[in-house]
Amino acid sequence: MTEKDFDLTRRSFLDRVLLATAGMAAAPWASAAADAEPAKTDRVRLGVIGTGDRGRALIQNIAKTRNCIVVALCDSYAPHLAKGQALAASARTFTDHRAMLDAGGLDAVVIATPLNTHARLTSDAFDAGLHVWCEKAMARTIADCGAMVTRSKAAGKVLQIGHQRMFHPTYLNALKRTRAGEIGTITQIRASWHRNNSWRRPVPADATDRQINWRLYRDSSAGLMTELATHQLQVGNWFLDAVPTRVIGSGSLCFWKDGREVYDHVALIYEYSGGRKLIYTSLLNNARYGCEEQIQGSKGTIEPELGRIYQEVPAKVLALQRMQKDVARGHKRTVPIGGATWFPELPVTTPGGSLGWGEYDETMLQFEGFGEAVRKGAPLPGLLAQAYNASVASLLGEQAMDRGVAMTWPTSLVAI
Amino acid sequence: MADLAEIERFVAMGTRIELHRFGAGDGDALSAARRAIEAVDDALTIHRPSPTTALNEALLAGREAAIDDPVLFDALVAIDAVHALTDGLFDPAADRRFAGAGWSDIAFDRATGRVRATRPIALDFGGFGKGFALDRACAALREAGVASACLSAGESSIAVVGDHPLGGGWPFAIPHPLDAGRTLVELELTDESLSISSTVGAGTQAPERAAMIRPSDGATVTAARCTVAVDRLGAHAEAMSTALLVADQDRAARLLTAPQRYLFDLSHEAAIGRPSARMLQ
């Protein structure tokens, strides 16, 4: 793709975001980022800590932005660092994040390391006077999530967490249509992230299993909850416009019994005010239902991953029931019976309508938004609260499963 | 206006059953009708252990079977009758697994109640069971003194007892299976049963719906057709609507000589999606 072609694609993408967020107060971060028109000069200088698969994907998205540039890379594992360098040839490289921070020349850091290191790296970056963009989930504990927020406020620096769905035109359009009442009152969201693989990566001879497969071990990750569910819990909170009041759940290791410590099956119910619910499942040995959030209202359903909106099919008035009423009031008329074969209440398979689709660059946009936030020294509005609540929800869900009891939403959370 | 109206709704025969009675009759008439339908369901189902599945196991294994269940016995007698009535086109033994297999491979000795087959074979009563069940329910209602009732098995099988509670026949409209806003035909029933069969429209793609099998070669019928049959007996109406669905042109023409039988060829509409129903009668 030429630069001109990319600019056209970029403009089209941003226009869709602006169209989807126009007149809607529920995604101020997205409209602010899409409306920024950042200057291409004097780019925000980023140091990326963690150049594994995710870190390298972020480097590629940062390269698409107008206002950010990767000037430093850090990873303690040499092969990952070399792969990162291949994507950002002019960036300086480090094997220790403190050395990178001490070397200076940065405006912000991007953290894409194992979950249990997020809080410490964030704190070190704030101490170095830098802004922070950090992958979700925020931290390994609810307390550390709160500490990251507190440190951000104390340092007067931007803390932004990676939740790309919050910049995705399909999600934004879905939210807009939801707020407009198109699917009626939402009382339930059914979300799932189902895969059929071990989630285990091969371990090179010069690395350890805990280094490569940190997602599978309790000290470094809450597994499916922090690595996958966090995204969808954020979507749930966003569409229900609330945080849960309570969560119950059941987690188990029932298929991949290979020495991992985190659950390979999780099933949880998050309760919200007014009896509303988010029902969440994630598992690693059946991919039929994949990744989706089914946002269920009294008038319709939205499935944002598929990019579809479905209207409820009106219930059929039973002809024989009507006949009884007719007879009761002395009125005889033809009974339009249902025709051949009554069938049971199977899932409705109407095709629904499109919420918009295409090639999106939501990860690019969240970095452009971050770049502008760094330039202004002020975070994109509303973003951190969404991320914080999503991380707390994921970790609270882990506690509910571990303890086998309902966990109420903490009252001691940090105000944002 | 009727002085009494009662409704009984329940699930049986793999569908929703509705029994509506009006006017005079014993207080437990609907309960008796329900029991009659459930007894047929218990005897003829192939979706859980039943006298029919026991019979099928024997016939598939090449064994002779004794019929102890009186409902199944009566159903086999009725099958014999409707097989002849439909020129062999209604055949509960037609099976995709055994091309060419059919009711004619079965020997049913009514005197001894024994059944044997010349090849592995299995029975699936399908829609016939619904009509047969409604017949027995109607008989139960009449025995209980009910003079006006309407019975439905999934709205594709209807039976009425007597006149409409407001007088005259019971008026029904059969919808076009491909266009909910249109009517294929309107009918009035009095002490009659109605059966609708279709290869297109609502529910025909449901996963548990059995394909319509042509008895002559065991092939699945794919033509877009909808058939309607009215008869004094529900079992006969069911067999006839099924037979019309699988009949070739000549045999369909023979079966359509009796009144209140309809065959709608919807193939053009299925292909191009615009109304052009052709009624062959």
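Chain A is the first sequence line, chain B the second, and so forth, proteins listed ahead of strands; every chain is numbered from 1. Worth saying up front: this structure is predicted, and the values here are computed from it rather than measured.
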Give the intermediate values and the outcome of side chain to side chain contact (heavy atoms under 4.5 Å, CB included) for residues A:L320 and B:C150. CA-CA 9 Å; A:L320 293 169; B:C150 176; 3.9 Å; yes

To check you understand the geometry: which heavy-atom pair defines the closest contact between A:I337 and B:F172, and what is its length? CG2-CD2, 3.4 Å

Mind checking whether A:T334 and B:E188 have side chains closer than 4.5 Å, heavy atoms only? no

Is B:E18 close to A:M323 at the side-chain level, that is, under 4.5 Å between some pair of heavy atoms? no

Rounded distance [0.5 Å steps], CG in B:L166 versus CG in A:D326: 9.0 Å

Starting at CZ of B:F22, measure out to CD of A:Q324 and round the result to the nearest 0.5 Å. 4.0 Å

Check whether more than 12 heavy atoms from other residues, nucleotides or ligands sit under 6.0 Å from atom CZ of B:R48, and answer yes or no. yes

Using a 6.0 Å cut-off, check whether atom OH of A:Y289 has over 12 heavy atoms from anything other than its own residue. no

Quick one: what part of B:H20 sits under 4.5 Å from any heavy atom of chain A, side chain, backbone, both or neither? both

Check each atom of B:I158 against the heavy atoms of chain A and say whether the ones under 4.5 Å are side chain, backbone, both or neither. side chain

In terms of heavy-atom pairs under 4.5 Å with chain A, which of B:R9, B:E186, B:H164 leads? B:H164

Looking only at heavy atoms and a cut-off of under 4.5 Å, which of B:G127, B:G168, B:P171, B:G167 has the most pairs with chain A? B:P171

Using modelled atom types and a 3.5 Å cut-off, is there a donor and acceptor pairing between side-chain atoms of A:K332 and backbone atoms of B:W170? no

So ring-ring contact (aromatic ring centres under 6.0 Å, His included) across residues 169-199 of chain A, not counting sequence neighbours, yields A:H168-A:Y171

Throw together a table of side-chain donor-acceptor distances under 3.5 angstrom for residues 244-252 of chain A, partners on residues two or more places apart or in other chains.
{"from": "A:T245", "atom 1": "OG1", "to": "A:E271", "atom 2": "O", "distance (Å)": "3.1"}
{"from": "A:R246", "atom 1": "NE", "to": "A:E271", "atom 2": "OE1", "distance (Å)": "2.8"}
{"from": "A:R246", "atom 1": "NH2", "to": "A:E271", "atom 2": "OE2", "distance (Å)": "3.2"}

